[in-house]
Protein chains: 2
Amino acid sequence: MADIKSSANPLFLREEELRQGIELLFYAYRDFTSDPDSILADYGLGRAHHRVLHFVGRNPKISVAELLGILRITKQSLSRVLTTLLEMGLVQQRQGTRDRRQRLLSLTEKGAELERRLSAVQQARVARAYREAGAEAVAGYRKVLQGLIDENEREKILQSIVRR
Amino acid sequence: MADIKSSANPLFLREEELRQGIELLFYAYRDFTSDPDSILADYGLGRAHHRVLHFVGRNPKISVAELLGILRITKQSLSRVLTTLLEMGLVQQRQGTRDRRQRLLSLTEKGAELERRLSAVQQARVARAYREAGAEAVAGYRKVLQGLIDENEREKILQSIVRR
DNA sequence: GACTTTATGTCAGCCATGTTGACATATATC
DNA sequence: GATATATGTCAACATGGCTGACATAAAGTC
């Protein structure tokens, strides 16, 4: 076991490198999510609401099922936050035309406004990091993050991100 | 407002780029945290326990205050998960020598074993992403993640990651 | 040596957000 | 007409954040 950690062993360096990549992701995500929280608190909303606002904003007329697929939570969990957002007039739903069982979700103007406020602070942080790191680094950042996504879903997700 | 979204406006591209960077981070983190969850479930543990195992593993003899600083949670929240880990014999505490009020935390052999299991799956995912993306991309990934961390804490965190 | 600050713990209760299971309804599809 | 699908709802529970209040032991200060 001590052998594995010996600095003569290339595996040690490799493991350290991976650990660093993991911790960086933890810290970056921790701070990245902290910005919108204070804004959300003013509305009595949480991160779950933010995620819904974000993905509904990005995907107007998204169905409940699609949204569930993105968020990977149960419909009961989604229902709770969605009900709040509907009651607050931040999200609106319309019956699907092709399939009238579907409830297609979109942001209201008020919802879009809040979403923009939330995006703004998050984008500011990302913009700063991009600026400091440079275009080449940004390409690498994206490449690695893509590789971290589950392989079987990656294609679908990338399309949903880049399309539009 | 419509002007801002016109494709003639360079800000549009920029905003799209930022949005993509944000969504990639969301998806990557979502999947990145999913791996250890099934292992943890076997022990009746959750992500909060994982975070403690990770940072105690990385920082043997860490004090409670230091750990609180990393995790950014309250002592009451930490207390809950820490008590469980102590009772399960995964973490041990020893009185500080310089300051006997401190309880310095370390993993037990059993705790280290579990931590390795959890690390392993997470490292496997990161290793795959690194391999696919290449060394240059990895450097960019790290650079951008560093830039996402709160500026006032960045130096301290980077030292704690790279040191050792 | 008394006083204050610090590191830590504990009890109690609240809230947000995830889960499962069971059942209901409307619509689409074969 | 029977079955499958999209969605909703009720109820109960678990995890992991939070605040507030109070306790204790040790360290540091005058």
Side-chain angles (χ1 to χ4, degrees), chain A residues 26 29-31 33-34 36-56 61-88 91-106, chain B residues 26 29-30 33-34 36-56 61-88 91-105:
Chain A
F26 166 80
Y29 196 82
R30 181 193 70 172
D31 292 348
T33 52
S34 74
D37 284 357
S38 51
I39 297 174
L40 289 160
D42 296 345
Y43 291 75
L45 300 175
R47 266 181 219 177
H49 302 96
H50 183 196
R51 289 193 284 266
V52 171
L53 286 173
H54 177 93
F55 285 106
V56 171
K61 298 193 183 171
I62 191 175
S63 72
V64 171
E66 283 178 288
L67 191 50
L68 286 175
I70 290 175
L71 299 175
R72 290 243 187 107
I73 57 175
T74 58
K75 61 178 176 175
Q76 294 91 329
S77 296
L78 175 57
S79 166
R80 213 168 14 205
V81 292
L82 200 47
T83 300
T84 307
L85 293 173
L86 288 164
E87 283 171 353
M88 289 175 74
V91 169
Q92 60 191 344
Q93 53 187 5
R94 281 197 326 200
Q95 219 178 30
T97 48
R98 232 187 41 197
D99 184 337
R100 286 183 306 174
R101 289 170 304 183
Q102 292 186 329
R103 302 216 179 164
L104 306 182
L105 307 168
S106 308
Chain B
F26 167 80
Y29 196 81
R30 181 193 71 173
T33 52
S34 75
D37 284 358
S38 50
I39 297 174
L40 289 160
D42 296 345
Y43 291 76
L45 300 175
R47 266 181 217 176
H49 302 95
H50 182 196
R51 289 193 283 266
V52 172
L53 287 173
H54 176 94
F55 285 107
V56 171
K61 299 195 182 169
I62 191 175
S63 71
V64 171
E66 283 179 288
L67 192 49
L68 286 175
I70 290 175
L71 299 175
R72 290 242 187 108
I73 59 176
T74 58
K75 61 178 177 175
Q76 294 91 330
S77 296
L78 175 57
S79 166
R80 215 171 10 207
V81 292
L82 200 48
T83 300
T84 308
L85 293 172
L86 287 164
E87 283 172 352
M88 290 176 73
V91 169
Q92 60 191 345
Q93 54 187 5
R94 281 198 324 203
Q95 220 178 29
T97 47
R98 233 187 38 196
D99 185 335
R100 286 181 305 172
R101 290 170 304 182
Q102 291 187 330
R103 302 215 180 165
L104 306 183
L105 308 167

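Note: hydrogens, waters and symmetry copies are ignored here, and every other heavy atom, side chains too, is used. To find a chain, count down the sequence lines: A is the first, B the second, and so on, and within it residues start at 1.
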Whichever of A:Gln93 and B:Gly46 has its nearest DNA chain D nucleotide further upstream toward 5': A:Gln93
A:Thr84 versus A:Arg80, closest heavy-atom pair with distance: OG1-O, 3.1 Å
Distance, rounded to the nearest Å, where B:Leu85 contributes CG and D:dG16 contributes P: 10 Å
Contact residues, residues 96-103 of chain A to DNA chain C [heavy atom, < 4.0 Å]: A:Arg98, A:Asp99, A:Arg100, A:Arg101
For A:Arg30 against B:Gly69, the heavy-atom pair lying closest together: NH1-O, 3.8 Å
side-chain N/O B:Ser77 vs D:dG16 OP1/OP2, d < 4.0 Å: no
Mutual orientation of the aromatic rings belonging to A:Phe26 and B:Phe55 [parallel < 30°, tilted 30-60°, perpendicular > 60°]: tilted
Rounded distance (nearest 0.5 Å) linking atom CD of B:Glu66 with atom CG of B:Leu105: 9.5 Å
Length of the CG-C1' vector between B:Leu71 and D:dG17, whole Å: 12 Å
A:Arg94 side chain vs A:Ser106 backbone, donor-acceptor pair below 3.5 Å: no
Spatial distance of atom CZ (A:Arg51) from atom CG (A:Leu53) [nearest 0.5 Å]: 11.5 Å
Candidate nucleotides D:dA26, D:dG16, D:dT7, ranked by approach to the side chain of B:Gln95 - the nearest: D:dA26
Minimal non-hydrogen separation, A:Val81 against A:Ala48, with atom names: CG1-CB, 3.7 Å
Nearest atoms (heavy-atom pairs only) where A:Ile39 meets A:Tyr43: O-CD1, 3.3 Å
Atom-to-atom span, CG of B:Leu78 to P of D:dT15 - whole angstrom: 17 Å
Atom-to-atom span, NZ of A:Lys75 to P of D:dT5 - whole angstrom: 14 Å
Touch class at under 4.0 angstrom, heavy-atom based, for B:Arg80 against every strand present: base
First of B:Glu66 and A:Thr74 reached from the 5' end of DNA chain C, by closest nucleotide: B:Glu66
Axial bend angle, the helix from C:dG1-D:dC30 to C:dC30-D:dG1: five-pair end segments, nearest 10°: 30°
For chain A, the stretch of DNA chain C it reaches, first to last nucleotide, under 4.0 Å of its heavy atoms: C:dT17 to C:dA28
Base D:dG20 to side chain B:Gln76, donor-acceptor N/O within 3.5 Å cut-off: yes
Distance-minimising heavy-atom pair for B:Lys61 and B:Leu104: O-CD2, 3.6 Å
Euclidean distance, atom CG of residue A:Leu40 to atom C1' of D:dC18 [Å, nearest integer]: 16 Å
Distance (rounded to the nearest 0.5 Å) between A:Gln93 CD and A:Leu82 CG: 6.5 Å
Short side-chain N/O contact to D:dG16 OP1/OP2 from B:His49, under 4.0 Å: yes
Nearest-0.5 Å distance, CZ of residue A:Arg72 to CD1 of residue A:Ile70: 11.0 Å
N/O donor-acceptor pair under 3.5 Å between A:Ser79 side chain and A:Lys75 backbone: no
